[in-house]
Amino acid sequence: RTAPLALGNDVVALMGKALRALAKIRALEGAAAKRPDDARGARALADGYLALQSWEAAAGALAKALDLDPGNAAGSHEALRNLLVYARVRQDRFTDAADAAETFERLFPTSAELPKVLSWRAVCLQRLERTAEAVGVWERIAKTWPDHPAAAGARESIQRAREGKPKQD
C-alpha cells in the first residue's frame, strides 16, 4: 500500500520542480524584456528553456545571444548545434533533427560547427532511408572541408552507403 503513496510523492516532487523551473523562466523572460540588449540574459534564458526541453524557444534565445555578442559565437554555436540536432537525435526524431540541421546552416552558414551539423544531417537522412540525399551531404562535406575531421567520416560513410552497409555508430 505504500507504493502508490511513494509514486504520488514522486509526482508531487516532479510537479514542484517543473513549477520552480517555469517561475525561473518567467523571471528570465521579464529580465530579458527589460534589458533586450543583454547577451548574458539571453543566454541564461536559453539555458532555462533547455532545462524545460523547449527546443524552439531555446534556439531563439541562443540566436539572440549570438546576435548580441558575436564574440561569444563558438560556445553559442556549439550549444545551438547540440540543441537543434543532438537533442532530437536522442529522441529518435530524425526528420526534426535533419530539419534542425538545415535551419542551423541557414542561420549560421559560416559557423565552424557547420561540418559537424551537416554530418548529423546526413546520418538522420540515412536513418530515414534517404540515402541518396545523405550521400550528397557527405560529398559536400568532403569537398568543401577536406581537412575537417568530419570529412574523413563523410568519406567513410559515402563508401559504406555505396556498398549498402549501414552506418556504424
Side-chain angles (χ1 to χ4, degrees), residues 6-130 133-134 137-138 140-141 144-145 148-150 153-154 167 169:
L7 180 60
N9 289 340
D10 289 345
V11 170
V12 169
L14 187 59
M15 287 178 62
K17 184 176 178 181
L19 288 172
R20 286 188 298 279
L22 191 56
K24 181 178 177 184
I25 289 292
R26 296 297 175 239
L28 289 168
E29 287 172 339
K34 290 178 185 172
R35 298 182 58 198
D37 295 334
D38 181 12
R40 293 173 102 181
R43 181 59 194 257
L45 183 57
D47 290 341
Y49 286 136
L50 282 171
L52 291 176
Q53 297 185 1
S54 181
W55 310 125
E56 282 72 22
L62 276 169
K64 182 170 184 172
L66 273 171
D67 286 344
L68 294 171
D69 185 9
N72 190 21
S76 293
H77 279 196
E78 183 177 353
L80 189 56
R81 177 198 76 205
N82 290 342
L83 163 71
L84 291 176
V85 182
Y86 296 154
R88 291 178 171 137
V89 169
R90 283 194 299 265
Q91 296 173 343
D92 290 338
R93 292 172 53 195
F94 298 116
T95 300
D96 290 344
D99 292 346
E102 194 171 31
T103 299
F104 183 93
E105 180 179 12
R106 186 174 39 77
L107 292 173
F108 307 107
T110 60
S111 171
E113 298 292 320
L114 189 54
K116 294 177 194 175
V117 170
L118 291 177
S119 183
W120 275 104
R121 181 168 193 266
V123 168
C124 292
L125 290 169
Q126 186 180 37
R127 298 244 176 125
L128 294 167
E129 298 182 5
R130 293 163 54 187
E133 290 177 74
V137 173
W138 283 318
R140 179 174 165 218
I141 294 167
T144 307
W145 299 278
H148 192 279
K167 181 175 180 353
D169 292 323

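Along the sequence shown, residues are numbered consecutively beginning with 1.
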request  = Would you confirm whether K64, through its side chain, and P36, through its main-chain N or O, come within 3.5 Å as a donor-acceptor pair?
outcome  = yes
task = Any chance you could measure R26, atom CZ, to L19, atom CG, to the nearest 0.5 Å?
result = 11.0 Å
ask   = If you round to the nearest 0.5 Å, how far is CZ of R121 from CD1 of I141?
value = 10.0 Å
task = Provide the closest heavy-atom pair for L45 versus I25 in the form atom of the first, atom of the second, distance.
result = CD1-O, 4.0 Å
task = Determine the minimum heavy-atom distance between A65 and A39, stating which atoms define it.
result = CB-O, 3.8 Å
message = I need the Y49 OH to E29 CD distance, nearest 0.5 Å.
response = 3.5 Å
Nearest atoms (heavy-atom pairs only) where A134 meets A122 = CB-O, 3.3 Å
remark   = What one should report as the nearest heavy-atom pair of S119 and W138 is O-NE1, 4.0 Å
Where A61 and A42 come nearest, the two heavy atoms and their spacing = CB-O, 3.6 Å
Rounded distance (nearest 0.5 Å) linking atom CG of L114 with atom CZ of R140 = 6.0 Å
